[in-house]
Each structure stands twice: as structure tokens, then as C-alpha cells.
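In each ligand, atom 1 is the first atom listed, and ligand 1 is the first ligand listed.
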Amino acid sequence: MSMGSREEACVLKGRFAPSPTGRMHLGNVFCALLSWLSAKSQGGEWHLRIEDIDPDRSRRDFALLLMDDLQWLGLPWDGSVVWQSQRSDIYEHYLTKLHDMGLTYPCYCSRAEIMATQAPHETDGRIVYAGTCRGKKRDEMAENVPHAIRFTVPDEDITFVDGHYGQQCVNLAKHCGDYILRRKDGAWAYQLAVVLDDALMGITEVVRGRDLLLSTPQQLHLSATLGFTPPHYIHHPLLINESGQRLCKRDRSLDLSVLREKHKNPDEIVGFLAFLAGLLPSPTPLSPKELLPLFSWSHVPKTDITADAL
Ligand code: GLU
Ligand code: ZN
């Protein structure tokens, strides 16, 4: 290994990995800001990956607007943008690898069958596949019938320490069961793409919303199965509305087309989010760069944050 690559291996690499399924909203900006501040305050790089693998929901115009919004907010990324829709060959290569390890199988179940047979565990509304197709013999499987590809998950507890929420322990079989790597319609699944891309892009720090906290054990396990060194994970609280619901793309009033019209100065939005994150005593307009010396995870609350007035 040359000196250059060894030095490179020491640089902290964060990332922001939005799905371009709508205009960016305040919750996405909160995630981008925390992830940018965390990486940059440690002298790291911050990369942008567009998670546009779902052909039914992803749109290029949303991705382009998202890039424009990040620049407008003062959140520039390092290097070139990675587009998941261009990485099919990579996903295919590793899917074959998992197949050769005997860890994948085709699943012919319909959604209705999956719901009817789902494992009787505490799932918080998640669907845990019962493993119906796991034991099927080769001759029962018709190659030409559309099928999903599932990953065989062991009945194993995965323990890890989240950078903000501390020690976590999740049983893979109970929590997610054998999950999908490639959908019936041929689309790649988020869990496979995210693990491969974080590893192959050399990402060392993942900052994202706590809604993905319980996906982390799955990703750690898949990463270890493929022999990768996983990133350090830091999850942040979610922004919620007055009725306690997570902000989402349907809350039009908080999307950036509306916010940019209302607040001509991006620092007003950034300062408001920094206040919500516990970095400022009051919502004072400040740029991401000006916030760098004030950033510490120790100020960020753990409970979800109501974002009402902006
Ligand atoms: N693309 C995912 C989303 O927008 C985020 C994935 C991640 O940060 O791991 O929800
Ligand atoms: Zn099945």
C-alpha cells in the first residue's frame, strides 16, 4: 500500500444519502446539517450519494433540486456525486457472491401471502418474513416466474454502540427475518445497496435519522458477511410536527420550495435547525460554517424534536 492510500484511509468520511422521491424538506435538511457538521468538525470529508434505486419513486429532477438546495444552504459535498441507479453491476457482483456463499434464495410469495404468514413477533409494524420459501427444493422453483431474492439471516443477536443512542441489541431473526436483496420487479433493495456503497465509497461515519437505528444491525451483519469494515453509526432524533408525527414529504409547508420563497437567507433555516439541535440558545441566523465551532453531539437531544414555527 502506498503512503497516499494509507493517509487516505485515515480521513473521516461522512455522507448524506437522500432518496430523490420529493423536494427536500426540513427533516432532510436537519439530517444533512448534522451529518455535515459532524464530519466537517472532525476535519473529515462529506460525500453525497443519490439513492435513486427505486425506479417507481425516484426522479432525476428531484435529485437536481436537492443538489441545488444543499449548495444554497451552504452544505457543499466533496468529490463527485454517486448515483445508485448507475451501480447495478456492483450490486449484481455482490449478489452473486452471496449466492455462491449459499446465503440467498428466491422468494415467490405474494404480498398477501407474506402478510398472512408473517412471524408472530413484536415488529412495531414492520413486516417480518416467515421464511416460507427458504427450504424449497430447486425443482419447486421456476426460474422464469418473477421472484424476489432474499438473504438468509441467522437467529443471532447483534450488539453495537450507536454514537448518540449508545448500546443496542437486536435479534436478526425476530427483527427482520430473511430480507429482500432484490425485488420481484428487479429493483435493488435499500439494505443491499446501502451496505455496498458505504463500504465501497470508504464511508467511515454514517449520520442519519433514528428511524434507521434498527436497520443498523442488519447492515452490520451483511457488511461483516461480505468481509467489510463497517462505518461508525450515529443516529439523530427526528423532527416531528405538533401531533407527534415525523415530518415527511407530504408536509408541503416545510419543503424547500416553500421555505426558500419565505426565507431568502438560508442562514435563517440553518440557524433555526441548529437551535432545534441544541447548538444555539435561540434561533439566530448562522451559516453551517459558522456553526462548526459550536457543534457537539453532547448538545443534541435524544428525544424527537417538535419543529413548529419557522
Ligand atoms: N436513502 C435513505 C433515506 O432517504 C437514507 C439511507 C441512509 O442514510 O442509510 O431514507
Ligand atoms: Zn417466499
Task: Qualifying salt bridge (charged side-chain N to carboxylate O under 4.0 Å, His left out) pairs with a residue from residues 68-77, counting only residues at least two apart or across chains - done: R23-D69, D68-R260, D69-R260
TODO: Check whether any side-chain N or O of D304 sits under 3.5 Å from a backbone N or O of L238 as a donor-acceptor pair, and report yes or no.
DONE: yes
- [ ] Check whether the ring centres of H99 and F151 lie less than 6.0 Å apart, and answer yes or no.
- [x] no
- [ ] Would you please indicate if the ring centroids of Y190 and W188 are separated by under 6.0 Å?
- [x] no
Open item on the list: For T132 and E113, which I'm curious about, is there any donor-acceptor pair between the side chains at under 3.5 Å?
Closed with: no
Open item on the list: Quick check with a 6.0 Å cut-off and a 45 degree axis cone: is R208 positioned over the face of Y233's six-membered ring?
Closed with: no
Open item on the list: With heavy-atom distances below 4.0 Å as the criterion, list the atoms of ligand 1 near Y190.
Closed with: 6 (C), 7 (C), 9 (O)
Task: Donor on one side chain, acceptor on other, Q219 and H221, under 3.5 Å - done: no
Task: Atoms in ligand 1 with a heavy atom of V194 nearer than 4.0 Å - done: 9 (O)
Open item on the list: Just by distance, no angles: are the side chains of S287 and D267 close enough, under 3.5 Å, to form a donor-acceptor pair?
Closed with: no
- [ ] Heavy-atom distances under 4.0 Å are what count here, so tell me which part of R15 touches ligand 1: side chain, backbone, both or neither.
- [x] side chain
- [ ] Mark up the atoms of ligand 1 that fall under 4.0 Å of a heavy atom belonging to R208, in ascending order.
- [x] 7 (C), 8 (O), 9 (O)
TODO: Using a cut-off of 6.0 Å, state whether more than 12 heavy atoms not belonging to E261 lie near its atom CD.
DONE: no
TODO: Give the contacting part of V206 toward ligand 1: side chain, backbone, both or neither, where contact means a heavy-atom distance below 4.0 Å.
DONE: neither
- [ ] Under 4.0 Å from a heavy atom of A17: give me the atoms of ligand 1 that qualify, with their elements.
- [x] 1 (N), 2 (C), 4 (O), 5 (C), 6 (C)
- [ ] Find all atoms of ligand 1 within a distance of less than 4.0 Å from any non-hydrogen atom belonging to E51, and give their numbers and elements.
- [x] 1 (N), 2 (C), 5 (C), 6 (C)
Task: Protein N, O or S atoms lying under 2.8 Å from the Zn ion (ligand 2), listed by chain and number - done: C107 SG, C109 SG, Y129 OH, C133 SG
